[in-house]
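All remarks here apply to the structure that follows.
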Amino acid sequence: MQLRKWNNGVLMNHQGEKLLIEPWGKNALRVRATRYPEFTGQNWALEEEVSEEGKKAEIEISREEQNASITNGRLKITINRNGVLQFFKDGKKFLQEYHRNYDPTVSKESICLKLTGRHYQPIIGGHYALTVRFDGNDGEQFFGMGQYQQSYLDLKGCTLELAQRNSQVSIPFAVSSLGYGFLWNHPGVGTATFGKNYTEWKADAAQEIDYWITADEDPSAIVRNYTEVVGRAPMLPEGLLGLWQCKLRYRTQEEVLSVAREYKRLGIKLDVIIIDFFHWTRQGDWHFDPVYWPDPKAMCEELHAMGTKVVVSVWPNVDRKSENFQELLDRGLLIKTEHGSMQTYDFQGDCISIDVTNPEAQKFLWETCKKNYADLGIDMFWLDNCEPDFGVYDYSNYRYYLGTALEVSNLYPKLIAKTFYDGLKADGKEKEICHLVRCGWVGSQKYGALLWSGDVNSTFESLRDQVAAGLNMGLAGIPWWNTDIGGFMTWDVNDPMFHELLIRWFEYAVFTPILRMHGDRGPHNIKPLSDQEWGGGYLYTGQANELWSYGEEVFAILKKNLERRWAMKPYLEALMKEASETGAPLLRTMFYEFPQDAICWKLEDQYMFGDKYLVAPILEAGMRERQVYLPEGTWADTNAEDQTEILTGGQWITAKAPLEYIPVFERVK
């Protein structure tokens with residue numbers, strides 16, 4: 001073994017493997033390992049400039065014992081003579097590589113298994129499939145990792161696909177209850193398993209192992225350290241904290257204007273209205289169909305006069321019949337397939353997605369959208385299908401400008417957000433940037449990405465999944481997040497059960513970063529505007545989805561809760577400022593605010609909205625009361641008639657939950 005200092009870090013060469021550990025931010029170290037002669041030089045998610053203090057480390061190397069240690073603040077990593085890594089916080093070991101291979105100094109388990117913590121599986125004709133394993137810790141909990149459609153907030157015992165899909169967002173950063181955060185700094189496809197016996201990270205194809213780890217006092221400090229090195233959201237533009245209105249789909253310019261005019265007549269401030277998919281002629285044309293949208297500029301001007309901002313949907317898919325297809329193909333700006341026909345997407349057309357890992361493709365997409373949308377008055381963009389959505393999720397069959405999909409695919413949604421961020425910034429609109437995005441990766445937040453949870457079902461089970469998803473997204477560094485209120489897929493818009501779900505979802509959404517009405521409301525019995533199989537008129541549309549669309553009783557409840565949202569505007573602005581400055585999420589697990597309370601580490605169906613409001617959403621049909629845990633301190637029931645009544649924390653209570661509201665308690669300081 002050879003151990004030596006290398007710049008500010010420790011470099012090891014051992015049995016054909018090169019391993020480098022460097023200080024990388026506050027109480028943090030970056031670990032890379034490869035069997036190639038040199039590292040790739042890619043920083044992937046670790047793009048932010050590290051302070052000089054964050055580059056310092058204490059290094060000790062023993063030539064005689066053939067071991068070394070490197071310490072940055074509260075975090076220390078040691079390397080023994082067999083290259084096994086151990087991790088210490090304030091001198092106490094909290095993590096160790098899973099090593100079962102003739103080294104009794106690091107394991108009392110069987111040493112005859114010939115298993116090591118870092119494994120390189122050669123790919124014939126390619127790089128390696130990589131595996132990194134760490135010993136499991138009894139009682140340890142894991143959180144974060146982005147968005148998965150499941151009810152589990154604690155991820156211990158879960159196996160997660162590290163890949164992007166509609167409603168699944170892979171952001172491989174985990175926060176541990178043992179006081180550390182771990183970033184798998186690889187944008188390719190793989191899996192993460194948080195098992196009882198060991199934690200395992202796998203990359204299906206890569207050139208090197210790359211991860212980053214920090215250890216600190218509590219989850220808020222861990223998230224602060226993490227977002228300092230991967231980036232934080234800018235300040236949210238003004239005028240976005242009220243109601244966003246959308247449905248699948250407004251088919252014409254007049255439909256959009258009529259909805260906005262009705263909100264104005266009712267005296268309801270509409271902050272944003274969204275124009276959904278197939279307003280275009282063909283996918284990849286990236287412009288309005290002039291038959292149904294004859295004067296978008298005039299439409300935007302009227303909406304702006306009402307104080308309403310306009311969002312338009314942009315998909316990355318390019319139909320073979322698109323006016324842009326041949327140029328994009330000839331210039332090599334489309335994703336390539338390795339085998340079979342050249343197709344990546346097949347919804348309403350034979351399509352290939354534009355390859356935004358290529359800077360030239362980014363330039364083409366933005367310039368086209370600027371000319372056909374932004375220059376006409378469109379304020380923001382809805383970057384839908386940006387995983388990108390594949391007709392078949394066979395990642396081994398796609399190749400990007402940056403490499404194979406197996407190696408870089410998860411980076412795609414971040415780069416499409418960057419495309420529009422860079423374009424708007426160059427256009428002088430840096431303080432107006434916010435994109436509604438269906439997917440993201442580590443650091444997407446710094447490019448103005450407002451993620452939503454995708455095309456989820458309209459069920460109470462799905463609503464419960466979104467609560468867990470939003471909280472884990474916040475811990476993964478995404479502060480701007482929202483859902484389709486009522487879920488996306490509704491088969492019968494007149495069903496009273498759906499009305500109850502819609503109300504409960506809306507009440508929950510009031511206490512999320514963005515309040516947005518959207519959904520595909522069945523039944524699909526509305527006749528298309530056109531019989532031709534292209535253009536803005538032929539595709540189906542769902543039923544009405546405005547606040548008044550579900551009857552007077554539902555409308556009254558939604559409007560009352562919207563007023564509650566309006567009253568919180570100064571508080572919401574303060575939370576957005578905090579997110580921009582420190583990376584703190586708006587949606588916070590109970591343990592984020594109360595890390596010393598053991599009960600809070602077990603709570604999965606209530607949360608803190610910022611540091612002030614404890615929110616207990618209703619996640620079952622027919623429920624009119626529920627149990628709520630109040631941590632230590634004093635609390636006020638925001639729904640009580642007597643607002644001066646104070647409740648003592650450290651106890652469970654039974655909270656009322658009539659259809660008109662959900663339990664919300666204010667932290668009294």
Side-chain angles (χ1 to χ4, degrees), residues 1-14 17-34 38-63 65-80 83-97 117-118 132 134 144 172-176 178-186 201 208-232 442-443 446 477 582-583:
M1 171 188 282
Q2 182 187 49
L3 285 166
R4 62 185 176 93
K5 291 184 180 180
W6 191 85
N7 291 338
N8 297 331
V10 172
L11 182 66
M12 178 198 80
N13 286 284
H14 182 233
E17 181 190 39
K18 177 179 288 189
L19 181 140
L20 175 64
I21 307 175
E22 300 172 277
W24 205 284
K26 185 178 181 181
N27 300 325
L29 294 163
R30 182 185 182 186
V31 178
R32 281 178 284 175
T34 184
E38 301 295 338
F39 295 103
T40 65
Q42 288 280 9
N43 283 334
W44 298 125
L46 300 172
E47 298 174 307
E48 298 301 295
E49 182 64 32
V50 177
S51 69
E52 289 303 314
E53 188 64 26
K55 296 177 182 177
K56 295 179 180 179
E58 298 175 15
I59 298 171
E60 295 182 5
I61 297 176
S62 172
R63 309 291 182 189
E65 298 294 332
Q66 289 189 302
N67 59 34
S69 70
I70 177 169
T71 303
N72 180 8
R74 305 179 70 171
L75 177 64
K76 179 172 78 170
I77 299 178
T78 64
I79 312 170
N80 78 355
V84 181
L85 305 185
Q86 295 181 319
F87 303 76
F88 299 81
K89 174 184 173 182
D90 299 333
K92 182 180 179 180
K93 187 172 73 172
F94 64 85
L95 192 64
Q96 174 178 291
E97 285 188 320
R118 303 183 299 277
V132 176
F134 302 96
F173 177 72
V175 175
S176 167
L178 297 183
Y180 69 93
F182 184 97
L183 169 67
W184 181 245
N185 190 32
H186 174 57
W201 300 84
E208 64 190 20
I209 292 167
D210 189 350
Y211 61 85
W212 176 93
I213 189 166
T214 185
D216 217 316
E217 185 67 26
D218 54 33
S220 64
I222 291 167
V223 171
R224 189 182 306 117
N225 295 348
Y226 162 64
T227 55
E228 185 175 318
V229 296
V230 302
R232 295 172 178 147
V442 183
K446 68 182 179 182
T582 71

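All values derive from a computational prediction rather than experimental measurement. Excluded from the calculations below are hydrogen atoms, water molecules and symmetry mates; all remaining heavy atoms, backbone and side chain alike, are included.
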* **Side-chain donor/acceptor of N27 to backbone N/O of R74, under 3.5 Å** => yes
* To do: Would you indicate whether the side-chain heavy atoms of E60 and S69 approach each other to under 4.5 Å?
  => yes
* Check whether more than 12 heavy atoms from other residues, nucleotides or ligands sit under 6.0 Å from atom CD of E47, and answer yes or no. => yes
* To do: Determine whether the aromatic ring centres of F94 and Y180 lie less than 6.0 Å apart.
  => yes
* Asked: Do T78 and F88 have side-chain heavy atoms sitting under 4.5 Å apart?
  -> yes
* To do: Please report the C-alpha distance between D210 and F39 in whole Å, then the side-chain angles of each, then the deciding distance to 0.1 Å, and finally whether the side chain to side chain contact (heavy atoms under 4.5 Å, CB included) criterion is met.
  => CA-CA 10 Å; D210 189 350; F39 295 103; over 6 Å; no
* To do: Could you tell me which non-hydrogen atom of L75 sits nearest to which non-hydrogen atom of A215, and how far apart they are?
  => CD1-CB, 4.1 Å
* Structure fact -> On a heavy-atom basis, the closest approach of P23 and I70 is CD-CD1, 4.0 Å
* **Verdict with supporting geometry, I213 and L95, side chain to side chain contact (heavy atoms under 4.5 Å, CB included)** => CA-CA 11 Å; I213 189 166; L95 192 64; 4.0 Å; yes
* **Any donor-acceptor N/O pair, N185 side chain to A45 backbone, under 3.5 Å** => yes
* Taking the side chain as every heavy atom from C-beta outward, state whether L85 and I21 have any atom pair closer than 4.5 Å. => yes
* Asked: Measuring from F87:CZ to Q96:CD, what's the distance to the nearest 0.5 Å?
  -> 9.5 Å
* Quick one: does W201's side chain have a donor or acceptor within less than 3.5 Å of a partner on W184's backbone? -> no
* Is it true that R32 and E22 make a salt bridge, defined as a side-chain N closer than 4.0 Å to a carboxylate O? -> yes
* Between CG of L3 and CZ of R63, what distance do you get to the nearest 0.5 Å? -> 7.0 Å
* Asked: Quick one: does N13's side chain have a donor or acceptor within less than 3.5 Å of a partner on Q2's backbone?
  -> no
* Asked: Which pair of heavy atoms, one from L46 and one from L183, lies closest together, and at what distance?
  -> CD2-CD2, 3.9 Å
* Considering non-hydrogen atoms only, spot the tightest contact between N8 and K55 and give its length. => ND2-O, 3.1 Å
* To do: For residues M12 and R118, report the shortest heavy-atom separation together with the two atoms involved.
  => CE-NH2, 3.9 Å
* **Pair Y211 and F134, ring centroids less than 6.0 Å apart** => yes
* Are the side chain of N72 and the backbone of A28 linked by a donor-acceptor contact shorter than 3.5 Å? -> yes
* To do: Would you name the heavy atoms of G83 and I79 that are closest together and state the gap between them?
  => CA-CG2, 3.9 Å
* Would you say I222 and F173 make side-chain contact, with heavy atoms under 4.5 Å? -> yes
* **E208 bridged to K18 by N-O distance under 4.0 Å** => no
* Answer yes or no: is there a side-chain heavy-atom contact under 4.5 Å between H14 and L19? => no
* SB check E228 K26 (cutoff 4.0 Å) -> no
* **Whether R30 side chain and L20 backbone form a donor-acceptor pair below 3.5 Å** => no
* Asked: So, do V229 and T214 sit near enough that their side-chain heavy atoms are less than 4.5 Å apart?
  -> no
